[in-house]
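Letters go in sequence order (proteins before strands), and every chain restarts at 1. Since we're looking at a predicted model, the values are computed, not measured.
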Number of protein chains: 2
Amino acid sequence: MSLKLAVLALLDVEPGSGYALLQRFRNSVGFFWQTTHQQLYKELHGLLENGLVDCLDVAQDGKPDKKVYTLNAAGATELDTLLAGVASPSKIRDPLLLKLFSGRRLPREALLAELATHREQHKRTLATYRLLHEQMQAMPPGKRERYHFPGQTLRLGIMYEETWLKWCEEVAGEI
Amino acid sequence: MSLKLAVLALLDVEPGSGYALLQRFRNSVGFFWQTTHQQLYKELHGLLENGLVDCLDVAQDGKPDKKVYTLNAAGATELDTLLAGVASPSKIRDPLLLKLFSGRRLPREALLAELATHREQHKRTLATYRLLHEQMQAMPPGKRERYHFPGQTLRLGIMYEETWLKWCEEVAGEI
DNA sequence: CCAGCCATGTAAATCGTTACATGATTGC
DNA sequence: GCAATCATGTAACGATTTACATGGCTGG
């Protein structure tokens, strides 16, 4: 149900083609809900079948044709219904911890190498989030207001990455 | 592949029936990898078919019969192979953030109520983790050593829950 | 007597990943 | 020429969730 919610939420902001939606996905809701183009196109087909979105074929020259999807009234109602439902708190689901659980079976260098890789990844992601956060801070008040709620999610992202980063460093020092 | 890794890791510690493994699952690897009894039983069938575990029927009186699974040499090799593979860093995947992204469509009280629910959940989980951590600290050094790596995963769990808790409180104050 | 623990499974549905597939245009 | 961007899809497989199913024993 969450992918549906994510797509409706994106269409609520602005109509777009599957391709365009995927770009926007990656730079917004994608930070806390991932998908692929295959899944997204399938979801859009489903939404269209259920009459929650309208679809318009748009011919372009120099580029392939595209299908622009728009949220309609039924879709907006569905979005509100989904938003009204409860979201269960997410739990950690991470293969690295699974490996660490059996860490005594692995050579220390292998573990350290993997921790280093993860540390770098989290560092990069953190840098991305911080950049976005700065850009948001730099917006004029009127525009910044529109990003109030997305901004809260970004803040969690920053705290989340900081936590992982700190942990990677601490564990590397302890094993 | 991760469920397989989790089950092999548990069997590496100690043999057990599907039912017993599920109990242990919930109190160890279940903190960072969730499963259901259906999935676990299916996985055990698969491991047996592939000759990675041995199975012994054990009749009990007053209780249903059970099947005790033991990791064999092939299983241990497979475990090491899986451990040697890379684990990709996990990303956030949380429906609450998805809802918050479209927070402007929801009444403030609904959001606050949901945040409060999540705060309580994270508080409870944190308390559980801290209790386990204390129990580990109280162990005699010889025993505590055996929990060195699982203890590192527990520490992430504590940091993770603290982060969410802090975020829930901050966001509740800002919306 | 009812709830909960012990112990195992089948089946269906949904969701998610990976592989395969096409084809024009733009910039280096 | 080659890679990247734009734009859309099918198919197979694997993972996960939810529902259905059984049945004895124990404690309040």
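Using a 4.0 Å heavy-atom cutoff across all strands shown, B:Lys42 reaches at least one base atom of the nucleic acid. In this structure, A:Ser17 reaches the sugar-phosphate backbone alone: every heavy-atom distance under 4.0 Å involves primed, P, OP1 or OP2 atoms, never a base. Residue contacts for A:His37: at a heavy-atom cut-off of 4.0 Å it reaches a base atom on one of the strands shown. Using a 4.0 Å heavy-atom distance criterion, B:Gln34 is classed as making no nucleic acid contact.
Atom CG of B:Leu44 is separated from atom C1' of C:dA7 by 13 Å (rounded to the nearest Å). As a whole-Å value, the separation of A:Gln39 CD from C:dG16 C1' is 5 Å. Straight-line distance from the CZ atom of B:Arg93 to the P atom of D:dA15: 15 Å, rounded to whole Å. Between the P atom of C:dC5 and the CG atom of B:Leu22 lies a distance of 13 Å, rounded to the nearest Å. One interatomic measurement links the two molecules: OH of A:Tyr41 to P of D:dA11, which rounds to 17 Å at whole-angstrom precision. Rounding to whole angstrom units, CD of residue B:Gln38 and P of D:dC20 are separated by 12 Å. For the pair B:Asp65 CG and D:dC25 P, the computed distance is 12 Å after rounding to whole Å. Note: CG (B:Leu40) to C1' (C:dT10) measures 16 Å, nearest angstrom.
Distances were taken from every side-chain heavy atom of A:Lys66 (C-beta onward) to each of D:dA15, D:dT8, C:dG9; the shortest belongs to D:dT8.
Put simply, the side chain of A:Leu165 reaches to within 4.5 Å of the side chain of A:Arg119, judged on heavy atoms. At least one side-chain heavy atom of A:Leu98 sits less than 4.5 Å from a side-chain heavy atom of B:Phe32. Side-chain contact between A:Leu44 and A:Val7 is present, with heavy atoms from C-beta onward closer than 4.5 Å. A:Tyr160 places none of its side-chain heavy atoms less than 4.5 Å from the side chain of A:Tyr129.
The side chain of A:Tyr19 places an N or O atom within less than 4.0 Å of a non-bridging phosphate oxygen (OP1 or OP2) of D:dC6. Between B:Lys63 and D:dT26, a side-chain N or O to OP1/OP2 separation shorter than 4.0 Å is absent. Between A:Gln60 and the phosphate of D:dA7, there is a side-chain N or O to OP1/OP2 separation shorter than 4.0 Å.
When each of B:Gln135, B:Gln152, B:Met136 is tested with B:Tyr147 by the rule side-chain contact (heavy atoms from CB on, under 4.5 Å), just one qualifies, namely B:Met136.
For the pair B:Gln23 and B:Tyr69, both in contact range of DNA chain C, the more 5′-proximal nearest nucleotide belongs to B:Gln23. The nearest heavy atom of DNA chain C to A:Thr36 and to A:Pro64 marks one nucleotide each, and the one closer to the 5' end goes with A:Thr36.
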